[in-house]
Amino acid sequence: MNRTKRKGFFKYENVGILFVLPAFLYMIIFVGYPIVRNIVLSLQEVTVRTLTADSRPFAGLKNYIKIFQDPVFTKSMLNTLVFTVCCLVVQFLIGFMLALFFNQHFSVSKPVRGLLLIPWMVPITVTALMFKFIFGADVGILNYILKNIGIISQNIDWLTSPDTALFAIVCANVWIGIPFNMILISTGLTTIPKDLYESASIDGAGKLQMFFKITLPLLRSTIESVLILGFIYTFKVFDLVYVMTKGGPVNSTHMLSTYSYKLSFEMFKYSEGAAVANVLLVILLIVGVFYLRATKEDDE
């Protein structure tokens, strides 16, 4: 039965706009507005005295110049890069190997793979508290185990030493990130036709040849997505670091996110904190553009 189309803007072919409108309004109110306000805040001189004032002094790029001359900001940027790269490499390699292993479809592969998802489903705050207990200096489980097997003779201050604190946080984040990598790569493996492996086996190809000639090339788009999304999720880490070390000791574990929080809510330098947050935003936007371009090329 033919329906008469409505006149005006909301014709039947435009009715999809009504479904998109709630999400669009949500993004404008809860994402777009805070970003714009944060940019404006970073261009002003805002302190405790002027926070609620009707007019605030315009600072221009003064706050950005300050943070780029700040050694703690430089340290936070380096920590964020090192933390992100280390986490990505380790969790991707382990997740990739686990995905290949559970792709063999043995009898208990699905239940065990489901259990491995638990670290990803547990709230990050709970994970941070758990690893804070594991790496504790006096009552930590790790020190207890290492002393009992004779590797160390005295307790190591994992979270209170600048040399080991970042390592402890990397371990905690890797534990969270492995299931994420495993699931996405496992999904990519299921899209590879089994006929390709059978044909390659008939032609005399070995396991390594099939891995490098079939598996890796066909997983390229999945690997790109996993690495880019993993970079975005890891680079903006906050709660894990804040609960475990709060950026210490001696700023050795400060990330861009935690340093922005410290400037804004502990040192009350709101404009400088906003500037640090905007630097983080720009970096993630650049990575996001690469992700969109990669997915667009794959679709084409």
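Hydrogens, waters and symmetry mates play no part in the numbers below; they use all other heavy atoms, side chains included.
- A distance of 9.5 Å separates CE in Met182 from OG1 in Thr187, rounded to the nearest 0.5 Å.
- Leu25 and Val31 sit in two unconnected hydrophobic clusters of ILVMFWY residues. Membership requires side-chain heavy atoms under 4.5 Å apart, directly or through other members.
- Of the candidates Asn143, Thr245, Thr164, Asp163, Asn143 is the only one forming a side chain to side chain donor-acceptor pair (under 3.5 Å) with Trp158.
- Side-chain N or O atoms of Asn278 include one that pairs as donor or acceptor with a backbone N or O of Ala274 at under 3.5 Å.
- Here the closest heavy-atom approach between residue Val241 and residue Met255 is recorded as CG2-CG, 3.9 Å.
- Linking ILVMFWY side-chain heavy atoms closer than 4.5 Å, directly or via other members, places Val243 and Leu159 in two distinct hydrophobic clusters.
- Here the side chains of His254 and Lys75 are not in contact, with every heavy-atom distance at 4.5 Å or above.
- By the 4.5 Å heavy-atom criterion applied to side chains, Thr215 and Met210 are not counted as neighbours.
- By the 4.5 Å heavy-atom criterion applied to side chains, Ile178 and Leu116 are not counted as neighbours.
- The OG atom of Ser186 lies 5.0 Å from the CZ atom of Arg113; values are rounded to the nearest 0.5 Å.
- Looking at heavy atoms from C-beta onward, Thr253 lies out of side-chain contact with Lys246 at the 4.5 angstrom threshold.
- Linking ILVMFWY residues whenever their side-chain heavy atoms come closer than 4.5 Å, directly or via other members, leaves Phe238 and Ile283 in distinct clusters.
- To the nearest 0.5 Å, atoms OG (Ser76) and CG (Leu81) are separated by 11.0 Å.
- Within 6.0 Å of CH2 on Trp175 lie more than 12 heavy atoms contributed by other residues, nucleotides or ligands.
- For Phe235 and Phe83, the ring centers sit 6.0 Å or farther from each other.
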Quiz item: Please walk me through it: do Leu285 and Val289 pass side chain to side chain contact (heavy atoms under 4.5 Å, CB included)?
Solution: CA-CA 6 Å; Leu285 282 177; Val289 169; 5.6 Å; no
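- Counting only heavy atoms from C-beta outward, the side chains of Phe68 and Thr74 never approach each other to under 4.5 Å.
- When every heavy atom of Val237 is checked against every heavy atom of Leu240, the shortest pair comes out as CG2-CB, 3.9 Å.
- Taking both residues in full, the closest heavy atoms of Ser252 and Ala165 are given as OG-CB, 4.3 Å, listed atom of the first, atom of the second, then distance.
- Using modelled atom types, one side-chain atom of Ser271 and one backbone atom of Leu41 make a donor-acceptor pair closer than 3.5 Å.
- Between Glu45 and Arg56 there is no side-chain heavy-atom pair separated by less than 4.5 Å.
- Note on Ile65 and Phe58: separate hydrophobic clusters, where clusters join Ile, Leu, Val, Met, Phe, Trp and Tyr whose side-chain heavy atoms are under 4.5 Å apart, directly or indirectly.
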Self-check item: Residues Leu263, Phe268; criterion side chain to side chain contact (heavy atoms under 4.5 Å, CB included); working and verdict
Solution: CA-CA 6 Å; Leu263 286 172; Phe268 305 110; over 6 Å; no
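- Clustering ILVMFWY residues whenever any of their side-chain heavy atoms sit less than 4.5 angstrom apart, transitively, puts Ile149 in the very cluster that holds Ile152.
- Within the 3.5 Å criterion, the main-chain N or O of Gly188 finds a donor-acceptor partner in the side chain of Thr191.
- Summarising the geometry, atom CZ belonging to Phe133 is positioned 4.5 Å from atom CD1 belonging to Ile141; distances are rounded to the nearest 0.5 Å.
- Considering every non-hydrogen atom in both Ile185 and Gly95, the closest pair reads CD1-C, 4.4 Å.
- Expressed to the nearest 0.5 Å, how far NZ of Lys194 lies from CG of Leu196 amounts to 10.5 Å.
- Using bins of under 30°, 30° to 60° and over 60° for the plane-to-plane angle, the ring pair Phe265/Tyr261 lands in the tilted bin.
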Exercise. Run the numbers on Asn251 and Lys262 for side chain to side chain contact (heavy atoms under 4.5 Å, CB included), then give the verdict.
Key: CA-CA 11 Å; Asn251 301 317; Lys262 180 179 180 179; 3.6 Å; yes
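- In this structure, Ser264 contributes its side chain and Ser260 its backbone to a donor-acceptor pair below 3.5 Å.
- Residues Tyr144 and Asn155 have side chains that never bring a donor and an acceptor to within less than 3.5 angstrom of each other.
- Shown here for Val250 and Pro162, the closest heavy-atom pair between the two residues is CG2-CG, 4.4 Å.
- Around OH of Tyr26, the count of heavy atoms belonging to other residues, nucleotides or ligands within 6.0 Å does not exceed 12.
- Between Cys87 and Thr234, the shortest heavy-atom distance links the atoms CB-CG2, 4.0 Å.
- Under the 3.5 Å distance criterion, with hydrogens and angles disregarded, no donor-acceptor pair is assigned to the side chains of Ser257 and Tyr242.
- Heavy atoms of other residues, nucleotides or ligands lying less than 6.0 angstrom from CZ of Phe19 number 12 at most.
- In this structure the side chain of Phe131 never reaches within 4.5 angstrom of the side chain of Ile169, judged on heavy atoms.
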Exercise. Give the intermediate values and the outcome of side chain to side chain contact (heavy atoms under 4.5 Å, CB included) for residues Gln209 and Asp203.
Key: CA-CA 11 Å; Gln209 289 178 313; Asp203 292 337; over 6 Å; no
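- Contact check for Leu219 versus Phe96: side-chain heavy atoms found under the 4.5 Å cut-off.
- Taking the six-membered ring for Trp, Phe73 and Tyr259 have ring centres at least 6.0 Å apart.
- Donor-acceptor pairing under 3.5 Å is lacking for the side chains of Asn63 and Ser42.
- Between the OH atom in Tyr291 and the CD1 atom in Ile232 there is a gap of 8.0 Å [rounded to 0.5 Å].
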